Amino acid sequence: MEYAEKIESAYVSLTEVNEGLVKRYIEPHKGNVNSTDAEFSLDVKSYLVLLHAAIEDYIEGVSVFSSNAACEIFKRNGVVTMPLLFICAKSKSFKDRFSKKLTEEIQDSPKDFILSSLGDIHAVTVANAIDNNGINVKYLNSLLQHCGINFDINDNDFISWKSLADYRGDYAHAVVFHHGKKPTAKKLLSPEDAMNLGSDCISFSSKIKDEALASLGLTA
C-alpha cells in the first residue's frame, strides 16, 4: 500500500543520511591512533548535530504523514485508525461539538462531522511539527503520542536517543556564560562511540516506523 511504502521510504532515507554522515565525519578517524581529540572533536560534533537534525525531520514527517494518512483512510474507506482517534480527540472541532448542552439538536452525523473536520484536526498535527524543536520526550509526545504512535521509553535504544538530544543541545548551543543553563553532555564522544550512539538512534527510529505502520493498520 502506498502509505506503508512512503513510511518505509522515509526510514530508508534516514539510514542513507546516517551512512553518509558516518562516511564523511567518522570513518576518517576510526582506527586512526594518531587522531587526537582536537582533530576529531569538530567532526564528532558535526555528525551528532546533523544526525539529530535528520532524525528530527524524520519524526516530524512520520507524524504529519500518519495524521494525513489517517484522514485519507477514513475519507476513502470509512476506517477509523489510532492516529485519527487521537488527533480528533485533541482537536478544537471535537471539543466544540460537545461544548453546548446535548439537549440541542446536532445536525450532522458523527461520520459527516468527522469528514467535515478532517482539515481542522490535521492542521493541529502540522502546527505541532512546525513548533517542534528537538527529539526529547516533550516533543516526541507532541509529535508521536499526539498521533497515537507509541514509543517505548524502556527500550535500551531510547537511552541513546535521549543522549543524542543532550549532545545536540550542548554542541549546537554552546554555553559560554552558563546563564542558568548547565550542559548535560559530560564529555566528548570518541568517533567509535558516536557512531554506536547513532546506530542505536537509527534502530529506535526503525521501531517508531513499525509503530506508525501498526497505528494505521498497515502491518500484517
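Predicted, not measured: the structure shown is a model, and the values here were computed from it. If you read the sequence from its start, that first residue is 1, and numbering goes on from there.
At least one side-chain heavy atom of Asp210 sits under 4.5 Å from a side-chain heavy atom of Ser206. Within the 4.5 Å cutoff, side-chain heavy atoms of Ser93 are placed close to those of Phe113.
Legend: ring-ring contact (aromatic ring centres under 6.0 Å, His included) pairs involving residues 189-209, not counting sequence neighbours, sorted by first then second residue: Phe158-Phe204, Trp161-Phe204. Listed by first and then second residue, the salt bridge (Lys or Arg N to Asp or Glu O under 4.0 Å) pairs that reach into residues 131-153 come to none, sequence neighbours excluded. The list of salt bridge (Lys or Arg N to Asp or Glu O under 4.0 Å) pairs with a residue in residues 198-208, not counting sequence neighbours, reads Asp155-Lys207, Asp157-Lys207.
For the pair Glu211 (side chain) and Phe151 (backbone), a donor-acceptor distance under 3.5 Å is absent. The backbone N or O of Ala212 sits less than 3.5 Å from a side-chain atom of Ser215, completing a donor-acceptor pair. One N or O on the side chain of Asn196 and one on the backbone of Glu192 form a donor-acceptor pair closer than 3.5 Å. The backbone N or O of Ser205 sits less than 3.5 Å from a side-chain atom of Tyr58, completing a donor-acceptor pair.
Hydrophobic clustering (side-chain heavy atoms under 4.5 Å, transitive across Ile, Leu, Val, Met, Phe, Trp, Tyr) groups Leu197 together with Ile153. No path of Ile, Leu, Val, Met, Phe, Trp and Tyr side chains, each step under 4.5 Å between heavy atoms, connects Ile59 with Val124, placing them in separate hydrophobic clusters. Leu115 and Leu85 fall within the same hydrophobic cluster, where Ile, Leu, Val, Met, Phe, Trp and Tyr residues are linked whenever their side-chain heavy atoms come under 4.5 Å apart, directly or through other members.
With sequence neighbours excluded, no residue forms a side-chain hydrogen bond (donor to acceptor under 3.5 Å, both in side chains) with Ser46. Scored by the side-chain hydrogen bond (donor to acceptor under 3.5 Å, both in side chains) test, Lys75 finds no partners at all (sequence neighbours excluded). Glu60 is linked by a side-chain hydrogen bond (donor to acceptor under 3.5 Å, both in side chains) to Asn132, counting only residues two or more places apart in sequence or in another chain. Checked against salt bridge (charged side-chain N to carboxylate O under 4.0 Å, His left out), Asp108 has the following partners two or more places apart in sequence or in another chain: Arg97. Residues that satisfy the side chain to side chain contact (heavy atoms under 4.5 Å, CB included) test with Asp43, not counting sequence neighbours, are Arg24, Tyr25, His29. With sequence neighbours excluded, the residues forming a side-chain hydrogen bond (donor to acceptor under 3.5 Å, both in side chains) with Ser109 are Asp112, listed by chain and number. Listed by chain and number, the residues in a salt bridge (charged side-chain N to carboxylate O under 4.0 Å, His left out) with Glu8 are Lys209 (sequence neighbours excluded).
Salt bridge status for Glu16 with Lys23: absent, with no side-chain N to carboxylate O gap under 4.0 Å.
To the nearest 0.5 Å, atom CG of residue Asn128 and atom CD1 of residue Ile87 are 10.5 Å apart.
Hydrophobic side-chain contacts under 4.5 Å tie Val64 into a cluster, directly or through other members, with Val126, Ile130.
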Atom pairs and distances, side-chain donor-acceptor, residues 139-150, under 3.5 Å, sequence neighbours left out:
unit_1 : atom_1 : unit_2 : atom_2 : d
Asn141 : ND2    : Val137 : O      : 3.4
His146 : NE2    : Thr125 : OG1    : 3.4

